[in-house]
Amino acid sequence: MKSVFEWQCIKYKEKRSRLFFGLTVFAAFVLIFIFNVLTPMMTDDLFYSRTVSEASSIRDLFAQEYTQYMTWTGRSVCHMILRFFLLTDKMVFNVANSVVFVLLTLLIYWNVEHKRKYDTPVYLLINLLLWMFGVVFRQTVLWETGACNYLWGSAIIMSFVTLYRYGLKRESASWKRDEKKEGSSAPKRGCSLNRGNGLKHPVLWAVFLSVLGVLAGWCNENSSGGGLLMVLLCLGFYLYEQKKNNAGSGRLLKPWMVTGLIGQAVGLAFMVLAPGNAVRAAAREEEHSGLLGYMARFQKITLAVRENFLILLIIGLLLFIIVYYQKKSWKALWAYSRNGILWSFVFLATCYALVMTAEPQARAYFGAGVFLTIAVVQFFVDVEEREAIFASLKTGMISGMLLVMFFTYMDSGANLARIYREYNERDVYLTQKAEEGVTDVTVPMLRPDFETKYSDGYNSDIQEDPGYWVNVAYASYYGFNSVSGVPREEWTDY
């Protein structure tokens with residue numbers, strides 16, 4: 001029996017942990033918000049913004065998206081999110097995008113098992129891994145069009161997976177409690193999240209998860225497929241463990257489990273079977289076809305995995321090896337670290353599902369990177385700290401990454417501000433020329449000294465050729481016949 005003083009100490013520590021955790025979440029929002037503000041509209045933002053400006057109603061926006069669904073891509077959910085944001089001021093997107101980034105970090109956090117309550121170091125690690133190893137961070141998180149497709153898509157997918165796993169845990173906890181009352185032995189831990197006492201509103205869950213499932217399935221081809229795979233794995237282990245422990249046959253599947261899966265599968269089907277995908281695929285040419293073509297794609301994906309994830313894979317592998325030696329057997333490792341192993345498997349499946357695509361963009365691996373991040377953090381948490389060396393290793397790992405990220409953030413932030421200044425000067429100049437009725441405009445290109453991994457400004461910069469696609473985007477957005485670029489040192493108008 002704990003004394004009153006001991007209970008007060010426990011409550012104080014929990015209150016302090018909750019405060020530190022809340023401050024860390026707020027800091028995560030502020031840091032990503034600053035970079036969002038310093039990221040101007042670029043390339044596809046201009047094309048889509050021009051198209052959206054031609055819509056006179058919400059119905060017209062959906063009509064535009066239907067045209068794109070039929071002629072270019074099936075990612076309608078993410079593109080509709082983008083279209084709505086392009087109707088508003090960029091600052092609205094900056095705030096919302098920062099909130100969704102923080103939401104994604106929390107969703108990753110909630111999918112990690114065995115952590116302490118209000119585990120600030122784990123949450124810090126999640127943020128560090130996303131900032132340092134997030135796939136093409138400048139495009140998938142900060143660029144408006146890319147963020148709506150990949151960051152927002154991943155957040156929707158992870159929201160569905162998190163809620164589905166939470167529901168499985170609540171149901172599992174309910175029949176575990178019933179079996180204990182009947183005197184039977186408790187079953188092993190399943191693929192699940194938090195403890196609970198069963199779902200209170202199963203009908204609402206059945207309806208809500210069906211809708212959220214459609215949205216999650218309709219976000220991004222390989223990432224949505226990875227989310228569906230994870231849900232199927234968790235449901236499979238849930239059913240296996242219930243049958244293994246003689247749970248009542250009538251209690252195995254709940255309506256929400258079925259409607260959620262059906263919704264996700266339907267959403268994925270709508271996206272994959274979009275006529276626009278077939279149109280775009282037909283326009284692509286490959287050097288090889290048939291089996292040799294698929295082998296070439298497999299090789300390209302392997303190289304892309306190495307390019308995007310090698311360091312993160314090494315960190316995860318080292319942590320996995322430590323956990324294995326601590327558990328001393330594969331059986332014990334599987335029983336304790338199954339969550340990390342499953343997320344690793346889903347990561348690989350999500351990457352190599354791209355073998356069905358001729359030339360995937362690098363940013364298509366962003367969702368897979370989110371799955372790998374969960375696996376790495378899970379192995380990090382699973383490393384026991386009974387020996388001082390492992391406690392020091394974990395603390396040192398986070399501390400070292402924080403130090404590196406501090407200097408990286410400061411340097412990149414300064415360059416982002418410089419790039420933003422030049423984009424803003426160009427915008428003011430182009431707006432002025434458009435008001436004057438000028439038809440052909442020349443503007444300066446970016447100075448060559450400010451490039452940073454957190455800005456896509458240079459990849460999205462205009463060129464000297466007025467026929468270059470970025471120049472065409474600027475001309476269309478501002479209403480010019482042509483826009484040409486000149487080196488910044490040759491520019492003297494402002």
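For clarity, every value in this text was computed on a predicted model and none was experimentally measured.
- To the nearest 0.5 Å, the span separating CG on L151 from CD1 on I32 amounts to 8.0 Å.
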**Request:** Report the C-alpha distance between L235 and L253 in whole Å, list the side-chain angles of each, state the deciding distance to 0.1 Å, and finish with yes or no for side-chain contact (heavy atoms from CB on, under 4.5 Å).
**Result:** CA-CA 9 Å; L235 180 61; L253 277 176; 4.0 Å; yes
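- If you take CG on N149 and SG on C219, they are separated by 9.5 Å, rounding to the nearest 0.5 Å.
- Although no hydrogens or angles enter the test, the distance criterion places a donor-acceptor pair under 3.5 Å between the side chain of N308 and the main chain of A304.
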**Audit row: T145, D45, side chain to side chain donor-acceptor pair (under 3.5 Å) steps and yes/no** = CA-CA 6 Å; T145 299; D45 299 343; 2.4 Å; yes
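- Between E113 and K169 there is no salt bridge, since none of the side-chain N atoms of the basic residue sits less than 4.0 Å from a carboxylate O of the acidic one.
- For the pair L209 and Y164, the tightest heavy-atom approach, listed with the atom from each and the gap, is CD1-CD1, 4.2 Å.
- Of the options E144, Q68, R83, a side chain to side chain donor-acceptor pair (under 3.5 Å) to Y48 is made by Q68 and by none of the others.
- Judged by a 6.0 Å distance limit and a 45° cone about the ring axis, R59 is not positioned over the six-membered ring of F62.
- Heavy atoms only, all atoms of each residue included: F160 and G260 are closest at CZ-O, 3.4 Å.
- From L107, atom CG reaches atom CD1 of I157 across 11.5 Å, with rounding to the nearest 0.5 Å.
- Side-chain N or O atoms of Y458 include one that pairs as donor or acceptor with a backbone N or O of F450 at under 3.5 Å.
- Looking only at atom types and distance, the side chain of D427 has a donor-acceptor partner in the side chain of Y478 under 3.5 Å away.
- Across all their heavy atoms, G226 and F371 have their closest contact at CA-CE1, 3.9 Å.
- The ring pair (Phe, Tyr, Trp, His ring centres under 6.0 Å) test with F35 singles out one residue from W143, Y409, F29, and that residue is Y409.
- Within the model, atoms OG1 of T105 and CH2 of W110 stand 8.5 Å from one another, a figure rounded to the nearest 0.5 Å.
- A cation-pi contact links K115 to Y109, judged by a cut-off of 6.0 Å to the six-membered ring centre and 45° from its axis.
- Between L268 and S224, the shortest heavy-atom contact is CD1-CB, 4.0 Å.
- By the salt bridge (Lys or Arg N to Asp or Glu O under 4.0 Å) test, R426 is found to be paired with D461, residues two or more places apart in sequence or in another chain being considered.
- Using a 3.5 Å distance cut-off with no hydrogens or angles, the side chains of N471 and S484 do not pair a donor with an acceptor.
- A donor-acceptor pair under 3.5 Å is formed between the side chain of W218 and the backbone N or O of G74.
- Residues meeting the ring-ring contact (aromatic ring centres under 6.0 Å, His included) test with F480, sequence neighbours left out: none.
- Across Y150 and N220, no two heavy atoms sit closer than the pair CE2-ND2, 3.2 Å.
- Put simply, the side chain of L430 does not reach to within 4.5 Å of the side chain of Y477, judged on heavy atoms.
- A side-chain donor-acceptor contact under 3.5 Å links T140 to the backbone of V135.
- T51 and Q64 make their closest contact through O-NE2, 2.9 Å (heavy atoms, listed as atom of the first residue, atom of the second, distance).
- Ring centroid separation for the pair W256 and F208 does not come in under the 6.0 Å cut-off.
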**Evaluation steps, side chain to side chain donor-acceptor pair (under 3.5 Å), between N415 and R418** = CA-CA 5 Å; N415 284 328; R418 297 181 180 111; 2.9 Å; yes
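- Rounding to the nearest 0.5 angstrom, the gap separating the CZ atom in R75 from the CG atom in L82 is 12.5 Å.
- For F137 and Y454, the distance between ring centers is under 6.0 angstrom.
- Partners of D440 according to the salt bridge (Lys or Arg N to Asp or Glu O under 4.0 Å) rule, which considers only residues two or more places apart in sequence or in another chain, do not exist here.
- Side-chain contact check for T452 and S412: at least one donor-acceptor pair (N or O, by modelled atom type) lies under 3.5 Å.
- A donor-acceptor contact under 3.5 angstrom links the side chains of T302 and Y352, judged on distance only.
- No side-chain donor-acceptor contact under 3.5 Å links Y429 to the backbone of D493.
- Using a distance-only test at 3.5 Å, with no hydrogens or angles considered, no donor-acceptor pair links the side chain of S476 to the main chain of A473.
- Aromatic pair Y123/F21: ring centres closer than 6.0 Å.
- N111 CG to N339 CG: the interatomic distance, rounded to the nearest 0.5 Å, is 7.0 Å.
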